[in-house]
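One structure is given below, encoded as structure tokens.
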Amino acid sequence: MKIATWNVNSIKARLPNVLDWLKTAEPDVVLMQEIKTVDEGFPRLEIEDLGYQCAVHGQKSYNGVAILSRRGLEDVSARLAGDDADEQARYLEATVEGVRVATIYLPNGNPADSEKYPYKLGWMKRLKARAAELLAEERPVVLGGDYNVIPTDDDVHDPVAWQGDALIRPETRAAFREILYLGYTDAFRAKVPTPHRYSFWDYQGGAWQKDHGIRIDHLLLSPQAADRLQDAGIDSKPRGKEKASDHTPVWCTLADPE
DNA sequence: ATGACTCGCAACGCGAGA
């Protein structure tokens with residue numbers, strides 16, 4: 001089963017690129033972020049034509065997440081518990097052939113001296129609680145998404161330039177490690193030890209051409225999923241296309257159960 | 001170099017992104 005995560009930065013602006021990529025990459029499951037539309041605006045028919053079912057948790061203009069699957073889609077559940085006042089559409093879970101998957105659009109948190117940073121850290125605490133609950137179920141789990149976390153200095157072109165940023169601050173990294181240390185595996189890092197492989201390149205300053213990127217899109221696997229991990233990678237081709245998202249897909253493959 | 005890009009919106013510049 002091939003599972004990918006992709007922050008598309010507007011599904012409407014990205015639809016031709018997304019359809020092309022679905023046809024060529026042939027993922028079984030896509031964990032999508034920043035669709036930037038309400039549920040009714042999601043191009044469901046075009047994607048269903050390629051054999052996918054869609055679960056959508058949208059929001060007007062900002063955020064919004066979706067799960068695409070061509071191998072079934074059951075028990076869909078939106079929102080992250082722990083803050084009933086949180087109206088931002090950033091979390092959606094579903095089950096595909098016994099694998100519990102979540103699409104995650106973790107808050108950016110900048111500026112780090114604003115109220116946005118405590119919101120990010122609070123959101124990470126809520127995610128940790130949910131991640132722990134899922135671990136207790138002792139089943140394959142894949143938590144994929146735009147974490148807005150640069151885990152280590154191997155995951156950024158210029159760590160000094162990012163100093164103090166909400167994506168790299170020690171508190172951010174510690175909160176991310178807390179989730180990993182529950183027992184989750186970073187699928188890409190487990191398969192690709194090479195440093196300086198990125199999933200995001202800013203639109204500005206020729207960052208893509210100069211490979212000035214950051215690795216912030218991650219697939220975290222429970223032990224039962226990690227036991228089935230066959231391969232993982234970053235598909236940088238979509239980032240080089242016309243009208244590209246600033247993020248590119250990160251994927252992993254899980255062996256089918258016995 | 002007071003820059004640099006892209007998105008949605010009911011806009012005709014702005015906030016947000018990272």
Side-chain angles (χ1 to χ4, degrees), chain A residues 5-19 21 31-43 56-66 86-91 103-124 127 144-173 175-176 188 196-218 234 236 238-250:
Chain A
T5 178
W6 192 8
N7 178 324
V8 295
N9 183 16
S10 169
I11 187 59
K12 290 180 187 172
R14 215 65 57 216
L15 188 59
N17 284 11
V18 168
L19 295 176
W21 179 76
L31 308 170
M32 196 176 278
Q33 303 89 36
E34 272 208 278
I35 61 172
K36 289 187 171 179
T37 178
V38 293
D39 294 10
E40 296 73 27
F42 193 83
V56 181
H57 179 42
Q59 181 182 331
K60 186 178 177 180
S61 305
Y62 303 109
N63 311 314
V65 287
D86 187 355
E87 297 292 333
Q88 301 189 29
R90 296 179 174 275
Y91 188 86
T103 175
I104 290 164
Y105 180 40
L106 206 147
N108 175 297
N110 281 307
D113 60 356
S114 73
E115 75 292 340
K116 292 185 177 185
Y117 192 57
Y119 173 66
K120 175 179 194 161
L121 292 179
W123 207 94
M124 294 182 82
L127 178 60
D146 175 0
Y147 280 75
N148 274 312
V149 175
I150 300 168
T152 75
D153 284 355
D154 284 347
D155 303 307
V156 52
H157 165 70
D158 183 357
V160 174
W162 284 85
Q163 205 158 23
D165 191 279
L167 278 64
I168 205 169
R169 282 174 68 132
E171 302 96 312
T172 304
R173 286 179 162 176
F176 184 70
F188 178 78
H196 306 295
R197 293 292 176 86
Y198 308 129
S199 65
F200 168 92
W201 298 259
D202 201 279
Y203 288 123
Q204 302 189 54
W208 164 248
Q209 287 76 11
K210 293 187 258 186
D211 196 26
H212 291 181
I214 52 179
R215 191 174 71 93
I216 57 174
D217 300 273
H218 309 297
I234 295 174
S236 55
R239 184 62 181 85
K241 298 187 80 171
E242 288 296 312
K243 265 191 85 76
S245 169
D246 39 9
H247 296 251
T248 212
V250 179

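Letters A, B, ... are given to chains in the order of the sequence lines, protein chains preceding strands, and every chain is numbered from 1. Being a predicted model, the structure only gives us computed values, none of them experimental.
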Going 5' to 3' along DNA chain B, which nucleotides are the first and last within contact of chain A (any atom under 4.0 Å from a heavy atom)?
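Nucleotide range in contact with chain A: B:dA4 to B:dA18.
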
Between A:Lys120 and A:Ala166 (side chain of the first, backbone of the second, donor and acceptor by atom type, cut-off under 3.5 Å), is there such a pair?
yes

If only atom types and distance count, is the side chain of A:Asp217 paired as donor or acceptor with the main-chain N or O of A:Gly144 below 3.5 Å?
no

Just checking [X]: base, sugar-phosphate only, or nothing, at a heavy-atom cut-off of under 4.0 Å?
X	answer
A:Lys120	nothing
A:Asn63	nothing
A:Asp217	nothing
A:Tyr105	sugar-phosphate

Surrounding CD of A:Gln209 (heavy atoms of other residues, nucleotides or ligands, distance under 6.0 Å), is the total greater than 12?
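Atom CD in A:Gln209 is crowded, with more than 12 foreign heavy atoms closer than 6.0 Å.
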
Please determine if A:Arg197 forms a cation-pi arrangement with A:Phe188, meaning its NZ or CZ atom is less than 6.0 Å from the six-membered ring centre and no more than 45° off the ring axis.
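Judged by the rule (NZ or CZ under 6.0 Å from the ring centre, within 45° of its axis), A:Arg197 is not positioned above A:Phe188.
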
Can you find a pair of side-chain heavy atoms, one from A:Arg169 and one from A:Tyr117, that are under 4.5 Å apart?
yes

Check: A:Asp153 and A:Arg173 side chains under 4.5 Å, non-hydrogen atoms:
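They are in contact (side-chain heavy atoms under 4.5 Å apart), so the answer is yes.
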
Look at the rings of A:Phe176 and A:His218 and say which category their plane angle falls in: under 30° parallel, 30 to 60° tilted, over 60° perpendicular.
tilted

Could you tell me which residues satisfy side-chain contact (heavy atoms from CB on, under 4.5 Å) with A:Thr152, sequence neighbours excluded, listed by chain and number?
A:Asp154, A:Asp155

Using the [atom1] atoms only, state how far [M] lies from [N], rounded to an integer number of Å.
N	M	atom1	answer
B:dC5	B:dA18	C1'	12 Å
B:dA11	B:dT6	P	24 Å
B:dA1	B:dC12	P	33 Å
B:dG15	B:dA10	P	15 Å
B:dA4	B:dC9	P	23 Å
B:dG3	B:dC14	P	13 Å

Side chain to side chain contact (heavy atoms under 4.5 Å, CB included) partner of A:Leu167, the single match among A:Phe200, A:Tyr147, A:Trp162:
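Considering A:Phe200, A:Tyr147, A:Trp162, a side chain to side chain contact (heavy atoms under 4.5 Å, CB included) with A:Leu167 is found only for A:Trp162.
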
Sorted by position of nearest nucleotide on DNA chain B, 5' first, the leading residue of A:Ile35 and A:Asp246 is A:Ile35

Judged by each residue's nearest nucleotide on DNA chain B, which is more toward the 5′ side, A:Lys36 or A:Tyr62?
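The 5'-side residue here is A:Lys36.
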
Quick check on contacts: within residues 197-216 of chain A, what sits under 4.0 Å from DNA chain B by heavy-atom distance?
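DNA chain B contact set from residues 197-216 of chain A: A:Phe200, A:Tyr203, A:Gln204, A:Ile214, A:Ile216.
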
